[in-house]
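One structure is given below, encoded as structure tokens.
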Amino acid sequence: MKPLLSLLLFVIPLIGCTNLLYISKLGWHQSYITFHSIPIHEILERDEIGNESKEKIQFIQEVKRFGEERLGLRKTDSYSKFFEIKGPVLYVITASKKDSLELYSWNFPILGKVTYKSFFKMKDALKEKTFLEEKGHDTFIQSVNAYSTLGWFKDPIFSTMLDWDEPTLSNIILHEMTHSTIYFKGETELNEQIATFVGNQGSIDFLTERYGIESDKVLLAIDYQEDDFIFSEWIDEVCRRLASFYERPIPKEEKIKGREEIFNSIKEEFKEIKDKLKTESYKNFDLFELNNALLLAYRQYTHRLKKFKAIYHYLGNDLKKMIELFKIIKESGDKPSSYLDRWMRERGIFNIPGSHSK
């Protein structure tokens, strides 16, 4: 999972008491990471750092240059430093009502409405989980190993990133660079979906240039993308079916009780989808206890992917042109989903089932 995190140290005076402690903790942890991060040129000079790790660090620099020079992503000083870490970088919690597919949201200055909340410590995420569940919400906590500060800080290379294969590593770097380039205030899901598509396709493009179209690394990157498309269609259909159930004119208690049968059928259906998947991206999905928050947490990264694919093809399979389109939409100040739907209609690009805007 690949969420963004903006650490708003300079806006603390604008924040209410409810969020002050939360923002302060984020600021402290980010300051610690920034202060203890080591310039990569020093890391590359250390004898105790293995050649494979050094190659991965240099690989990240190549991906960054590709994103900036070939795709038009924003130039920043991110990935110029290295931070040693054990375990996940962040813990991210998503929440939803139990009787409807409606994400719980938090409001922050500059970011606007955000449909997940990030913590550096699991104990803090668990505290938030308890608070939300006591209010009657479903919750889901994910551990993640990368984030973007939207260009406000120099995002480091975390040591755990060096364990990833090259398709995953290039995908994540381009995903986070996209957040720093294109961010629509209050549009968490759209932001994640754009970054997912750019990360997937950008990784394929970069690896193709570096290794050739028939490279095993390129084929793996394509498999990652295809698995996202397959999962995207499936989870969109699952959510439509579940939403239809929640819309029935029956008491809330009956909806909560009746959804368990649907959750069980979803797990059974996933076994068929699992056989079609070529990678392990979603291998643990059926191991979780399903609830609305979990389904929506997964969906917010993959919804609309076929829609973006149609736009990409219309633009001549040119990812840079697609990124430029989103920059234009951002500069317009219009609601991005409405602008995009209008842009598609005017060009005869019709929505694919499951890709409709919310």
Side-chain angles (χ1 to χ4, degrees), residues 1-3 63 92 94 116 140 142-146 160-161 163-179 189-208 210-242 263 265-288 290 294-313 317 319 322 351-356:
M1 293 300 169
K2 323 152 221 183
V63 175
V92 178
T94 307
Y116 50 63
F140 177 56
Q142 301 160 275
S143 59
V144 299
N145 294 300
T160 50
M161 295 167 69
D163 296 330
W164 299 338
D165 58 53
E166 290 184 342
T168 299
L169 185 55
S170 56
N171 190 322
I172 297 297
I173 295 299
L174 293 171
H175 180 112
E176 302 304 344
M177 289 178 68
T178 301
H179 283 317
E189 295 174 73
L190 178 61
N191 291 326
E192 291 300 345
Q193 291 148 18
I194 292 171
T196 295
F197 187 90
V198 173
N200 279 338
Q201 190 60 54
S203 175
I204 293 170
D205 293 349
F206 170 76
L207 295 170
T208 297
R210 197 175 198 266
Y211 296 108
I213 189 62
E214 296 182 357
S215 162
D216 289 343
K217 293 179 175 62
V218 173
L219 296 177
L220 180 55
I222 292 172
D223 286 343
Y224 281 136
Q225 184 185 57
E226 290 302 316
D227 280 0
D228 276 352
F229 285 141
I230 291 171
F231 188 81
S232 173
E233 285 193 279
W234 178 76
I235 199 154
D236 274 350
E237 176 56 36
V238 162
C239 288
R240 278 196 298 274
R241 191 166 75 245
L242 192 56
F263 288 154
S265 67
I266 289 172
K267 280 199 171 188
E268 287 301 313
E269 292 168 11
F270 182 73
K271 293 178 181 178
E272 296 181 12
I273 296 297
K274 198 171 184 178
D275 290 338
K276 299 178 183 178
L277 302 176
K278 296 180 180 180
T279 72
E280 297 188 342
S281 297
Y282 300 99
K283 65 177 182 178
N284 294 326
F285 179 82
D286 55 345
L287 301 181
F288 293 114
L290 297 188
L294 182 147
L295 293 172
L296 292 173
Y298 272 87
R299 182 177 179 266
Q300 71 179 343
Y301 288 93
T302 60
H303 183 48
R304 292 186 261 213
L305 290 188
K306 286 293 182 73
K307 181 175 187 174
F308 294 146
K309 184 177 182 180
I311 296 170
Y312 173 72
H313 287 327
N317 296 341
L319 193 56
M322 188 172 181
N351 289 359
I352 301 166
S355 66
H356 61 284

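Worth knowing before you read on, the calculation uses all heavy atoms, side chains too, and leaves out hydrogens, waters and symmetry mates.
When the side chain to side chain donor-acceptor pair (under 3.5 Å) test is applied to Thr208, no partner is found at least two apart in sequence or on another chain. Qualifying side chain to side chain donor-acceptor pair (under 3.5 Å) partners for Asp216, counting only residues two or more places apart in sequence or in other chains: none. Under the rule for a side-chain contact (heavy atoms from CB on, under 4.5 Å), the partners of Lys267 that lie at least two apart in sequence or sit in another chain are Leu290. Every residue meeting the side chain to side chain donor-acceptor pair (under 3.5 Å) condition with Gln201, not counting sequence neighbours, appears here in chain and number order: Asp205, Gln225, Tyr312. For Asn284, the side-chain contact (heavy atoms from CB on, under 4.5 Å) partners at least two apart in sequence or on another chain are Leu287, Phe288. Scored by the side chain to side chain donor-acceptor pair (under 3.5 Å) test, Glu272 finds no partners at all (sequence neighbours excluded).
Within the 4.5 Å cutoff, the side chain of Phe263 has heavy atoms near those of the Leu295 side chain. Within the 4.5 Å cutoff, no side-chain heavy atoms of Ile311 are placed close to those of Phe197. Put simply, the side chain of Ile266 reaches to within 4.5 Å of the side chain of Arg241, judged on heavy atoms. Between Leu190 and Arg304 there is a side-chain heavy-atom pair separated by less than 4.5 Å. With a 4.5 Å cut-off on side-chain heavy atoms, Glu226 and Ile222 count as touching. Using a 4.5 Å heavy-atom threshold, the side chains of Asp165 and Tyr224 count as touching.
Remark: aromatic rings of Trp234 and Phe285 are close, center separation under 6.0 Å.
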Task: Asp228/Tyr301 under side chain to side chain contact (heavy atoms under 4.5 Å, CB included): CA gap, chis, key distance, verdict - done: CA-CA 9 Å; Asp228 276 352; Tyr301 288 93; over 6 Å; no

Task: Pair Leu220-Glu166, side chain to side chain contact (heavy atoms under 4.5 Å, CB included): steps then yes or no - done: CA-CA 9 Å; Leu220 180 55; Glu166 290 184 342; over 6 Å; no

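Atom CG of Leu174 is separated from atom OG1 of Thr196 by 12.0 Å, given to the nearest 0.5 angstrom. Separating the CD1 atom in Ile194 from the NE2 atom in His175 is a distance of 10.5 Å, to the nearest 0.5 Å. Taken to the nearest 0.5 Å, the CD1 atom of Ile273 stands 12.0 Å off from the CG atom of Asp286.
His303 and Asp236 form a side-chain donor-acceptor contact under 3.5 Å, judged by distance and modelled atom types alone. Side chains of Tyr116 and Gln300: no donor on one and acceptor on the other come within 3.5 Å.
Nearest heavy atoms, Ala146 versus Ile172: CB-CG2, 3.6 Å. Listed here is the closest heavy atom pair of Ala195 and Thr178: CA-CG2, 3.9 Å. Between Leu305 and Gln193, the shortest heavy-atom contact is CD2-O, 3.9 Å. The heavy-atom pair separating Lys274 from Lys283 by the smallest distance is NZ-O, 3.3 Å. Scanning both residues, Asp227 and Leu277, for their nearest heavy atoms gives OD1-CA, 3.4 Å. The two residues Leu207 and Ala221 have their closest heavy-atom pair at CD1-CB, 3.9 Å.
With Ser203 contributing its side chain and Pro167 its backbone, the two residues share a donor-acceptor pair below 3.5 Å. A side-chain donor-acceptor contact under 3.5 Å links Ser232 to the backbone of Thr302. In terms of modelled atom types and a separation under 3.5 Å, the side chain of Asp223 and the main chain of Lys278 share no donor-acceptor contact. Panel note: side chain Ser170, backbone Val63; no donor-acceptor pair is recorded below 3.5 Å.
Seen from the ring of Phe229, Lys306 counts as a face-on cation partner, given the 6.0 Å and 45° thresholds.
Using bins of under 30°, 30° to 60° and over 60° for the plane-to-plane angle, the ring pair Phe231/Tyr298 lands in the tilted bin.
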